[in-house]
Amino acid sequence: MKELQIHNSLTGKKEVFKPVNEGHVGLYVCGPTVYSDVHLGNCRSFVSFDVVYRYLMYLGYKVRYVRNITDVGHLEGDADSGEEDKISKRARLEQLEPMEIVQRYMNGFHEMMHILNVLPPNIEPRATGHILEQIDMVQAILGNGLAYEKNGSVYFDTVKFAEKYGVYGALSGRKIEDLIAESRDNLKNQEEKNHPSDFAIWIKAAPEHLMRWKSPWSVGFPGWHLECSVMSTKYLGETFDIHGGGSDLKFPHHENEIAQNYGACGHSPVNYWMHGNMLLLNGRKMSKSEGNSIMPPELFLGNNPLLSRGYSPMVVRFFMLQTHYRSTLDLTDEALQAAEKGYRRLMEGQKVLQGFTHSGEGQAGQLDKEINDLMGQAFADMCDDFNTPKALASLFELVTIINSLKGGQLSFNDLLPGTLEHLKKTFHDFIFEIFGLRDDAGDSSGRGVVDGLMNLILDMRQKARANKDWPTSDKIRDVLKSLDIIVKDGKDGATWSKE
RNA sequence: GGUCGGUUGGCCGAGUGGUUAGGCAGAGGUCUGCAAAACCUCGUACAGCGGUUCGACUCCGCUACCGACCUCCA
């Protein structure tokens, strides 16, 4: 198994990945809160971790991938004013059952993941399905003296926790002194909390609150951060390998998650924390609450003032892959157009490659070595903290070689038949298995018929050309072009591609 | 205000103490009946100012600008 390096947010460094159990990986990624439609920024995160998941599997790890659905506990607005559960609020406004809201947006989320070719996780647990476990964890934390109850709500005691373990703020770089220093000014707004940085792990439900469960402290609902602690522990164990999420979840969500796990289990839950960076729009974080976002359907259809036209889901996925997951990615129409061209070039190269057959005679020379080096480089790139843009660069260099082989600038005689087979498999695996791309152009079910018809048409055009009947051959080409089919004349006959 | 991160050629976007990222766009050429596609060649970019060094885009410091988090957010 190749040595994999992962950038660990906890240490801020790249580290060699060593799983808890040899050959197995426990991967937890924070899923969406399903109170409205996913926007494109959300999607980027899930695409990033989809590649992580895919590559871990490709390396031969047996991965258990858990990605939750948060369907309760996520509060609206700041903690000082009247807080309300996001889903509960939406349900109240739309006069629907909270679970109808959850179902609607969860369905939409799944559909979008499918469209973007994001693999489903192995387990997709929901917060509302784990109320009992959450109550258990609250009790465990209380039992360890790291939480306190006030008027039916239970708060995590961050000050005590910081004193006992000294790790509160370790992930997000916050200091205990700062937290304590803040206390004087802000205490007035937090009458139930001992300290402003304390956070609710169980919340007593107001009378109008729709989502409520019985607990030893009150009829209420669990705090936002609790479900991730509970469900990751339940399905991946008290200590597991990788926890991922958007960088905006670092604080407070992940910091509090760590605190809860210490509070209940007495030790750190996760060995490697991974944080994906934000998708930007107009140079700013894409965010629905800021009104700065594009919804995936708008992007696909092009019905947004920022876009000159629509872009297919796979172009969008490719666009995301062209940037490292830890860098911000700025969405612009121009960048999408460039991505679309690049995506086509890559897929075309893949098609050309898979059509190659080797005559059988060939010698291992410079070309053979170059191809093997580029393949090795692509894997090395992925093993270096999932560097998809760099791996793509290696693949594009291979595309040039592939096209040169096709055009005759390079000769099959300079590579071994085995190398060609290896290249075919590697290229295919990278594009479809690791990067999770799909061939957008060839997704029609009647492809076989189309291929047959196209072969016939191109054959007729070839005959016309042989007779120097240019009007006929050009007419065929022009009509096809009007149907978005491009004819490309090559050394050995013509090929075609859509659009 | 605090913490962290970024500033790369026309655009997007990797990376490295001295050697080609890659994609898109652009220029020239090859091929072609023409075109498209493809191939070849080309731009010598790393915010500014200092410092370390034989040598820095890459390390250190300062300045400027941008962003993220600190409040719900992938």
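Note that this is a predicted model, so its numbers are computed, not measured. Here is how names work: the chains are called A, B, and so on, in the same order as the sequence lines, proteins then strands, and each is numbered from 1.
Contacts of A/G41 with the nucleic acid, taken as non-hydrogen atoms under 4.0 Å apart, include base atoms. The residue A/H39 sits close to a base: some heavy atom pair falls under 4.0 Å. A/D330 comes within 4.0 angstrom of the backbone, heavy atoms only, and of no base. Residue A/G283 is in sugar-phosphate contact alone, with no base atom involved, counting any heavy-atom pair closer than 4.0 Å across all strands shown. Nucleic acid contact for A/T400: sugar-phosphate only, since backbone atoms but no base atoms lie under 4.0 Å from a heavy atom of the residue. Using a 4.0 Å heavy-atom criterion, one finds that A/S289 contacts the bases of the nucleic acid, with or without backbone contacts as well. Heavy atoms of A/T323 sit under 4.0 angstrom from primed sugar atoms or phosphate atoms, though from no base atom.
Proximity of a side-chain donor or acceptor of A/N277 to a complementary backbone N or O of A/S247 within less than 3.5 Å is not detected. Between the side chain of A/H209 and the backbone N or O of A/F221, no donor-acceptor pair lies under 3.5 Å. Here the side chain of A/D198 pairs a donor or acceptor atom with the backbone of A/T158 at under 3.5 angstrom. A donor-acceptor pair is defined here as one N or O able to donate and one able to accept, closer than 3.5 Å; no such pair exists between the side chain of A/R54 and the backbone of A/V118.
B/C12 atom C1' lies 11 Å from atom CZ of A/F318, rounded to whole Å. Rounded to an integer number of Å, the gap from A/N403 CG to B/A38 P is 7 Å. Between A/H243 atom NE2 and B/A74 atom P there is a gap of 12 Å when expressed in whole angstrom units. Straight-line distance from the CZ atom of A/R344 to the C1' atom of B/G22: 19 Å, rounded to whole Å. Atoms CZ (A/F251) and C1' (B/U3) sit 11 Å apart, rounded to a whole Å. Between the CG atom of A/D489 and the P atom of B/C39 there is a distance of 16 Å, rounded to whole Å. What separates CG of A/D333 from P of B/C11 is a distance of 16 Å, to the nearest Å. Atom CD of A/E397 is separated from atom C1' of B/G13 by 15 Å (rounded to the nearest Å).
A sub-4.0 Å separation between OP1 or OP2 of B/G67 and a side-chain N or O of A/K285 is absent. Contact annotation: A/R44 side-chain N/O to B/A74 OP1/OP2 distance is not under 4.0 Å. Residue A/N42 has a polar side-chain atom (N or O) positioned under 4.0 Å from OP1 or OP2 of B/A74.
Taking the P atoms as reference points, B/U52 lies 32 Å from B/A14, given to the whole Å. With C1' as the reference atom, B/G15 and B/A45 are 13 Å apart, rounded to whole Å. For the C1' atoms, the distance from B/A64 to B/G50 is 15 Å, rounded to whole Å. For the C1' atoms, the distance from B/G61 to B/G67 is 22 Å, rounded to whole Å. Rounded to whole Å, the separation between the C1' atoms of B/G10 and B/A25 comes to 7 Å. Rounded to whole Å, the separation between the C1' atoms of B/C57 and B/U53 comes to 15 Å. Taking the C1' atom of each, B/C39 and B/A47 are spaced 38 Å apart, rounded to whole Å. For B/U20 and B/U8, the C1' atoms lie 16 Å apart once the distance is rounded to whole Å.
In this structure, B/A56 makes no Watson-Crick or G-U wobble pair, since no nucleotide meets both defining distances under 3.5 angstrom. B/A38 is paired with B/U30 under the Watson-Crick or G-U wobble criterion, all donor-acceptor distances under 3.5 Å. Using the Watson-Crick or G-U wobble rule with both distances under 3.5 Å, B/C24 pairs with B/G10. Pair assignment for B/G61: B/C49, on the basis of Watson-Crick or G-U wobble contacts that are both within less than 3.5 Å. B/C69: Watson-Crick or G-U partner is B/G2, with both key distances under 3.5 Å. In a base pair of the Watson-Crick type (N1 to N3 plus N6-O4 or O6-N4) or a G-U wobble (N1-O2 and O6-N3), with each distance short of 3.5 Å, B/G17 is matched with no nucleotide.
When distances run from any side-chain atom of A/L279 to the nucleotides B/G23, B/G33, B/A74, the shortest one goes to B/A74. The side chain of A/R345 sits closest to B/A38 out of B/G33, B/A38, B/C72. Of the candidate nucleotides B/A74, B/C24, B/A14, B/A74 has the atom lying nearest to any side-chain atom of A/L249. For A/M278, the listed nucleotide lying nearest its side chain is B/A74; candidates were B/A74, B/C72, B/G23. When each of B/C40, B/G13, B/G33 is scored by its nearest atom to the side-chain atoms of A/W470, the top-ranked nucleotide is B/G33. Side-chain proximity of A/D474 to the nucleotides B/G33, B/C72, B/G22 is greatest for B/G33. Side-chain proximity of A/R174 to the nucleotides B/A14, B/C69, B/G23 is greatest for B/C69. Of the listed nucleotides (B/A68, B/A74, B/G22), B/A74 has the atom at the smallest distance from the side chain of A/S45. Listed nucleotides B/A14, B/C12, B/C69 differ in distance to A/S327; the shortest reach to its side chain belongs to B/A14. Residue A/P252 has its side chain nearest to B/C70 when only B/G23, B/G15, B/C70 are considered.
No hydrogens or angles considered: nothing links the side chains of A/N455 and A/D459 as a donor-acceptor pair under 3.5 Å. For the residue pair A/Q260/A/S229, the side-chain donor-acceptor check at 3.5 Å is satisfied.
Electrostatic pairing of A/E192 and A/K204 does not count as a salt bridge here, judged by no charged N lying under 4.0 Å from a carboxylate O. The pair A/D85-A/R90 fails the salt-bridge criterion, with no side-chain N (NZ, NE, NH1 or NH2) lying under 4.0 Å from an Asp/Glu carboxylate O.
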Would A/Y235 and A/N122 count as a side-chain hydrogen bond (donor to acceptor under 3.5 Å, both in side chains) if you check the C-alpha gap in whole Å, the side-chain angles of each, and the deciding distance to 0.1 Å? CA-CA 10 Å; A/Y235 298 112; A/N122 302 109; over 6 Å; no
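Heavy-atom distances to RNA chain B give each of A/N387 and A/S247 a nearest nucleotide, and the one nearer the 5′ end belongs to A/N387. Both A/Q337 and A/R465 sit near RNA chain B, but only A/Q337 has its closest nucleotide nearer the 5' end.
Below the 3.5 angstrom threshold, one finds a donor paired with an acceptor across the side chain of A/R477 and the base of B/A35.
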